[in-house]
There are 2 protein chains.
Amino acid sequence: MNERKPAGSRRREIAGAALKVIAEQGLARFTSLAIAREVGVSDAALFRHFPTKEAIVLAAIDRVEEILFTGFPPRVDDPVERLGTFFRRRIAVIRENPGVARLVGSEQLAQAAPPEGVARVAGFRRRSQAFVRECLDEAHSRGLLADDVGPEEAAVLVLGALLALAHGPAAGRPRAQLPERVWRALERVLRRGGRRPATSRPTRPRPGPRS
Amino acid sequence: MNERKPAGSRRREIAGAALKVIAEQGLARFTSLAIAREVGVSDAALFRHFPTKEAIVLAAIDRVEEILFTGFPPRVDDPVERLGTFFRRRIAVIRENPGVARLVGSEQLAQAAPPEGVARVAGFRRRSQAFVRECLDEAHSRGLLADDVGPEEAAVLVLGALLALAHGPAAGRPRAQLPERVWRALERVLRRGGRRPATSRPTRPRPGPRS
DNA sequence: CGTCTAAGTGAGTGAGCACTCACTAGCAAG
DNA sequence: CTTGCTAGTGAGTGCTCACTCACTTAGACG
């Protein structure tokens, strides 16, 4: 028999394993046996901690929410800079948790989840989109946006860049700073007067605090 | 017994039905029975025309290629305008074949396909990305690009916008012109001198010829 | 018309899956 | 140590799915 663990910790472990399997192996290989092997127990053991496989998926969705939305929304005054902080954090999250982006972006989680879970994942997307829109609307009404780019189009550009960077290959070394360059390009494009020579006042690098 | 059809036509019909099922119902409901019901025959009949379900998926991938890459690449001299033509065509394709974008963008097809198919779908993405990069590199070397946006960043913006528009909701009426506005914003941002007051010389509306 | 080919069918078959159950055994408290 | 609790197990169970097979019959052709 395998090592025994208290229920709470096993639950988290199982949810994490589910996330890992679905992210690394895809839906087709996302079976209770695969989850169990990842944890190192028999498949029957899973059902001591969760009533169904769907419940495991829901717990995995909880984990995704935790990963995506800690320290959200960033509290930064300037709306464009706030958007930049969000952008960089999302990129970091995607880098550190490969697969999570693919999960939320593609419909894979939705396929495995009960309707409740599908709705929650859709909610994650809406929440991120709404945040981007709000930043841009605020920037617009404060007169910070360049006037040849409406906030609606700007939102598509920002969200799209995020999607493109997330779906791209795991970003080999030479391309590591690409996201940063993309954001700087975006900021120049979005900010009123942001297109003065590139030395104007670029974004603060913010090595800093993860709220 | 059902109406009999010659083999070639049935094959195409089955591939199309597979595409429809996988796009509309998702991977979980993508079963041979579902395909068969879509066509209007029994599931056993499918295997008169294809040796395996995987072979059906491969045929569906052929169909996707046909849909995505007819009239590709556009033959337009100005690289930015060429990119615009591509952008608009892709948007149109996505609009007319809902689901196809989700298929290629998300990993759904990959989950159902044998490795050969996965590679082909990855090739579709690479081909589109390479085209975008080539347009932008050419524009750059011809001095057409604004000099505060490198071709690499520009490619992320263009591909991202495409992704964001494709993944968005099926675009209710009021938002119908959003893709056009997004492209115009992109063009202003990319072109050297494209940011003179918005009345300068925006994109030609091109009501015109589908090559 | 009769003949032959092959598209179509209903009833399987075996494999893999989520989930169950009777049972084992680690661990905490008395 | 004994007792009680529960995490863990191996051997199922029933279900769905891809695929097969013996057979039927549409329909092209002489």
Side-chain angles (χ1 to χ4, degrees), chain A residues 1-22 25-61 108-118, chain B residues 1-22 24-61 108-117:
Chain A
M1 193 184 288
N2 221 306
E3 184 185 11
R4 285 176 73 131
K5 285 204 182 176
S9 121
R10 258 307 187 235
R11 272 186 65 95
R12 267 183 302 252
E13 200 179 351
I14 291 169
L19 206 52
K20 192 172 174 191
V21 170
I22 205 175
Q25 326 223 29
L27 258 186
R29 307 239 175 252
F30 178 60
T31 69
S32 22
L33 201 73
I35 303 172
R37 277 207 313 261
E38 182 70 34
V39 175
V41 297
S42 75
D43 59 339
L46 302 184
F47 297 96
R48 291 266 165 224
H49 301 281
F50 293 92
T52 65
K53 194 183 147 200
E54 288 190 345
I56 299 179
V57 174
L58 288 181
I61 291 179
Q108 297 201 28
L109 252 190
Q111 300 290 332
E116 177 198 346
V118 177
Chain B
M1 194 186 289
N2 219 305
E3 183 184 10
R4 286 176 74 133
K5 287 202 181 178
S9 121
R10 261 295 192 244
R11 271 184 66 93
R12 267 184 304 253
E13 201 179 350
I14 291 170
L19 206 52
K20 193 174 173 189
V21 169
I22 206 174
E24 289 179 359
Q25 325 223 29
L27 259 186
R29 307 239 175 253
F30 177 61
T31 68
S32 22
L33 200 73
I35 304 172
R37 277 207 314 259
E38 182 70 35
V39 175
V41 298
S42 75
D43 59 338
L46 301 184
F47 297 95
R48 290 269 165 225
H49 302 280
F50 293 92
T52 65
K53 194 182 147 198
E54 287 190 345
I56 299 180
V57 173
L58 287 181
I61 292 179
Q108 296 203 27
L109 253 190
Q111 300 290 331
E116 177 198 345

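Note on naming: letters A, B, ... go to the chains in the order of the sequence lines (proteins, then strands), and numbering restarts at 1 for each one. Keep in mind that what you see is a predicted model, and the values were worked out from it rather than measured.
- Rounded to a whole Å, the CZ atom of A/Arg48 is 13 Å from the P atom of D/dG10.
- To the nearest angstrom, C1' of C/dA7 lies 13 Å from CD of B/Glu13.
- Phosphate contact (OP1/OP2 of C/dG8, side-chain N/O of B/His49, threshold under 4.0 Å): present.
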Atom pairs, N/O to N/O, protein against nucleotides 16-19 of chain C, distance under 3.5 Å?
residue	atom	partner	partner atom	Å
C/dA18	OP1	A/Ser32	N	3.3
C/dA18	OP1	A/Lys53	NZ	2.8
C/dA18	OP2	A/Ser32	N	2.8
C/dA18	OP2	A/Ser32	OG	2.3
C/dA18	O5'	A/Ser32	OG	3.4
C/dC19	OP2	A/Lys53	N	2.5
C/dC19	N4	A/Asp43	OD2	3.2

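- Two residues are said to be in side-chain contact when any heavy atoms from C-beta on lie closer than 4.5 Å; B/Lys53 and B/Leu46 fail this criterion.
- A/Ile61 and A/Ala113 make their closest contact through CD1-CB, 4.1 Å (heavy atoms, listed as atom of the first residue, atom of the second, distance).
- Atom CD in B/Gln25 sits about 12 Å away from atom P in D/dC17, given to the nearest Å.
- Within the 4.0 Å cut-off from OP1 or OP2 of C/dA6, not a single side-chain nitrogen or oxygen of B/Arg10 is found.
- Considering all non-hydrogen atoms of both residues, A/Phe50 and A/Ile14 come closest at CE1-CG2, 3.6 Å.
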TODO: Determine, step by step, whether A/Arg10 and A/Val39 satisfy the side chain to side chain contact (heavy atoms under 4.5 Å, CB included) criterion, reporting the C-alpha distance in whole Å, the side-chain angles of both residues, the deciding distance to 0.1 Å, and the verdict.
DONE: CA-CA 9 Å; A/Arg10 258 307 187 235; A/Val39 175; 4.0 Å; yes

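- Scanning all heavy atoms of the two residues, the minimum distance from A/His49 to A/Arg11 falls at O-NH1, 3.1 Å.
- With rounding to whole Å, B/Phe50 atom CZ is found 16 Å from C/dA6 atom C1'.
- Of the possible donor and acceptor atoms, none in the side chain of A/Arg29 sits under 3.5 Å from a partner among the backbone N and O of A/Val21.
- In this structure, CG of B/Leu46 is placed 14 Å from C1' of D/dT20, rounded to the nearest angstrom.
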